[in-house]
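No hydrogens, no waters, no symmetry mates; every other heavy atom, side chains included, goes into these values.
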Amino acid sequence: MAEKLLTPEELQNRVYSFLKNYYLNDMHRDRESFYALTMDDIKKYPTAACGVALNLFMDGQLEKADKFIESLPEGEIFYYIKIGLLIVHPKATWKGFIDLLKCLKQNKITLPNITLTAGRPSILNGFNDFSRISPFLPKHREEFVDYLASLYQNNVSPAIYSQCLAEYYYQINRIIDAEVLVSRTIKEFDKDSEHRLLFTALYLQTKILLAHGKSVDPASYIRYIERYIEETGKAEFSYNLDSAEVMTALYEGERSIVSNWYKTKAPDEFSDFNMLDTYRYLVKLRCYIIFNNHTAMIALVEKLRPLLEAGKRHMDLCEIDLLLSITLYRAEKKDLALEAFDRAIKIAHRRKYYRLIADEGCAILNVLIDYIKQKGESEFLMKLLEMTREMAISHPRYLKAELKNNATFNQKEIEILKLLEQGKSREEIAEYFFISENTVNFHIKKLYVKLESNSVTQAVWNARVLGII
């Protein structure tokens, strides 16, 4: 039996509580009720119109959203509803965004319920991809801070500016500058109880630590955020906390965290697709890579591509082609892998997404090397190679794929691996088990095949990464 639709009045009351106890993901669950509204309902309950348009955005139906917004009645309340919707419209241009904020400022109107992060652990690439304006940030601080004051309370717009600048500095590999700025923003967001913005700052801080080659507890900053959720109630980004934890776990080789999320919490793109889950889909693409599910990975990429193109999500488009090149390379489709990588590189070069490429580390290193051999050296590519190599050395467990042969290991093989890990010689291992060295050699050769290795060091490392020892 289909669930009973909510009344127009109930929907409007829910929208009134937006960002207090009603969030975008809640709104998406109510979408059938919003889609059932008539224009007469909307005229009587104007705020409910927000739920219709936002659901169309989340479903990727941007043309329908445009027609719906254009069809809204005249009048002051609908005028400001239109402004709010156009500000978060996935196709909003930077100029259009600024013009709308100027309009709010001139009319002395604030819209504090606007959310630019939309659950994403990034401000510049949240509901809209404003990462393209990053190079203009250093010279336009006053304007940027002034405009954002129309959208946020508690006078946090200076801290938001600093966070956006930190994200830009991070991408162009000015790590120290990014670290100084994000440390300040964490204090400011914490002080002003802007917890959804605090999430973006803590997430960037974690990425900075990884870029420095540090080891990070996958759950450390998640627990920090969760303390605030307990104190202030459900937060807008709460459903993204587990996927943010998985991203860190991928670098640390914590396969149990990754596997559990993949099996029980990852979004199902085949049942209830939602553009609000874009970040979670990007995490799931990485899971598909390590579990060698190339077909599903490619299918999800091509499902996301037209929606990201419509919304001009340049950073996300770069990222999906980057991940696609990794899976195609591992599937031994080298030419197709280099084609996908070429698309990613062209965006990265134009938009200065250095770290977006380099942070894929060991997973992308061989693709990058082959691409340089094919295209030739350039200052941009050689800088990328240096940064990517550093990440590969610092985080060798990142996106380490499961064994293709689905090998299983008996108790003796596991014990031999543990002894090899301890540095025992083949003669010493033979004495442990009262067997000949030839028998030990036989077991080690079998381990080489199962672990897809050609040396003891590589076999031990693969066994450690895969959790066998």
Side-chain angles (χ1 to χ4, degrees), residues 57-62 90-91 118-122 125-129 131 240 243-244 246-247 250 258 261-263 265-351 353 355-368 370-371 388 398-402 404:
F57 294 163
M58 289 185 275
D59 285 339
Q61 299 186 51
L62 301 187
K91 293 195 295 186
R120 302 282 309 271
S122 166
N125 197 31
F127 221 45
N128 297 292
D129 181 3
S131 59
N240 267 328
S243 40
V246 171
M247 272 298 291
L250 287 167
V258 177
W261 181 85
Y262 176 66
K263 291 175 182 177
K265 297 181 180 180
D268 183 358
E269 63 269 26
F270 300 107
S271 66
D272 192 18
F273 188 82
N274 182 0
M275 284 301 290
L276 195 63
D277 284 334
T278 299
Y279 172 71
R280 301 176 77 212
Y281 292 136
L282 292 170
V283 176
K284 190 174 185 181
L285 287 174
R286 290 169 168 85
C287 294
Y288 280 147
I289 289 173
I290 66 171
F291 296 125
N292 295 313
N293 197 341
H294 304 308
T295 303
M297 193 277 181
I298 294 168
L300 179 51
V301 163
E302 297 312 323
K303 188 167 188 173
L304 288 169
R305 189 185 302 280
L307 299 170
L308 297 175
E309 287 174 345
K312 299 178 182 177
R313 299 287 288 267
H314 304 291
M315 186 175 280
D316 292 334
L317 285 166
C318 182
E319 191 167 347
I320 63 171
D321 271 326
L322 188 63
L323 297 174
L324 180 61
S325 69
I326 294 171
T327 206
L328 288 170
Y329 198 87
R330 292 186 180 183
E332 300 180 358
K333 304 290 183 182
K334 184 175 176 180
D335 289 343
L336 292 174
L338 292 176
E339 282 181 24
F341 190 69
D342 184 62
R343 291 194 297 270
I345 282 290
K346 285 175 179 174
I347 297 175
H349 191 195
R350 186 164 63 250
R351 311 257 174 213
Y353 297 153
R355 290 238 60 101
L356 190 66
I357 305 288
D359 285 351
E360 297 305 311
C362 52
I364 201 66
L365 184 61
N366 288 333
V367 184
L368 176 57
D370 282 348
Y371 184 80
T388 306
Y398 178 69
L399 292 196
K400 193 74 174 177
E402 285 194 327
K404 296 177 183 177

Checklist line | Close side-chain approach of L356 and I347, heavy atoms under 4.5 Å | finding: no
Item checked: Sidechain N-carboxylate O distance under 4.0 Å for K333, E339 -> no
Notebook entry, point to check: Where the side chain of R343 meets the backbone of L317, is there a donor-acceptor pair that is under 3.5 Å apart?
Noted result: no
Notebook entry, point to check: Ion pair present between E360 and R286, side-chain N to carboxylate O less than 4.0 angstrom?
Noted result: yes
Checklist line | 4.5 Å side-chain heavy-atom contact, I357 and C318 | finding: yes
Next item on the list: Measure from the side-chain N and O atoms of T327 to the backbone N and O of L324, and report whether any donor-acceptor pair falls under 3.5 Å.
Entry: no
Item checked: Of all pairs that satisfy ring-ring contact (aromatic ring centres under 6.0 Å, His included), the ones with a partner from residues 315-339, not counting sequence neighbours -> none
Item checked: Residues which pass side chain to side chain contact (heavy atoms under 4.5 Å, CB included) with D335, listed by chain and number, not counting sequence neighbours -> none
Next item on the list: Using the side-chain contact (heavy atoms from CB on, under 4.5 Å) rule, take Y262 and V246 through it: C-alpha gap first, then chi angles, then the decisive distance, then the call.
Entry: CA-CA 9 Å; Y262 176 66; V246 171; over 6 Å; no
Check: Would K346 and D321 pass as an ion pair if we require N to O under 4.0 Å?
Finding: no
Note to self: To check you understand the geometry: which heavy-atom pair defines the closest contact between G126 and R120, and what is its length?
What the structure shows: CA-CG, 3.9 Å
Check: Would a 4.5 Å heavy-atom cut-off, applied to side chains only, mark H294 and R330 as touching?
Finding: yes
Check: Can you name the nearest heavy-atom pair linking Y281 to N274, along with the distance?
Finding: OH-N, 3.1 Å
Checklist line | With sequence neighbours excluded, residues passing side chain to side chain contact (heavy atoms under 4.5 Å, CB included) with K91 | finding: L62, D66, H89
Check: Is the closest side-chain heavy-atom distance between L300 and L304 below 4.5 Å?
Finding: yes
Note to self: Taking the side chain as everything from C-beta on, heavy atoms only, tell me whether Y353 gets closer than 4.5 Å to L322.
What the structure shows: no
Notebook entry, point to check: Is there a side-chain contact between Y288 and V301, using heavy atoms and a 4.5 Å cut-off?
Noted result: no
Check: Minimum heavy-atom separation for A363 to L399, with atom names?
Finding: CB-CD1, 3.7 Å
Note to self: To check you understand the geometry: which heavy-atom pair defines the closest contact between S122 and N125, and what is its length?
What the structure shows: OG-N, 3.2 Å
Next item on the list: Measure the CG-CZ distance between L328 and F341 for me, rounded to the nearest 0.5 Å.
Entry: 13.0 Å
Notebook entry, point to check: If you round to the nearest 0.5 Å, how far is NZ of K265 from OG of S243?
Noted result: 10.0 Å
Note to self: Quick one, W261 with V283, criterion side-chain contact (heavy atoms from CB on, under 4.5 Å). Give me CA distance, side-chain angles, the key distance, then yes/no.
What the structure shows: CA-CA 10 Å; W261 181 85; V283 176; 3.8 Å; yes
Notebook entry, point to check: Can you check side-chain hydrogen bond (donor to acceptor under 3.5 Å, both in side chains) on S325 and Y371, steps first, answer last?
Noted result: CA-CA 11 Å; S325 69; Y371 184 80; over 6 Å; no
Checklist line | Residue pair R313, E319: steps toward the salt bridge (Lys or Arg N to Asp or Glu O under 4.0 Å) verdict | finding: CA-CA 10 Å; R313 299 287 288 267; E319 191 167 347; over 6 Å; no
Next item on the list: Step through the shown structure and confirm whether more than 12 heavy atoms of other residues, nucleotides or ligands are within 6.0 Å of NZ on K312.
Entry: no
Note to self: With heavy-atom distances below 4.5 Å as the criterion, would you say the side chains of I326 and L323 are in contact?
What the structure shows: yes
Notebook entry, point to check: Where is the tightest heavy-atom contact between P267 and R280, given as atom of each residue plus distance?
Noted result: CG-CB, 3.8 Å
Notebook entry, point to check: Is L308 close to T278 at the side-chain level, that is, under 4.5 Å between some pair of heavy atoms?
Noted result: yes
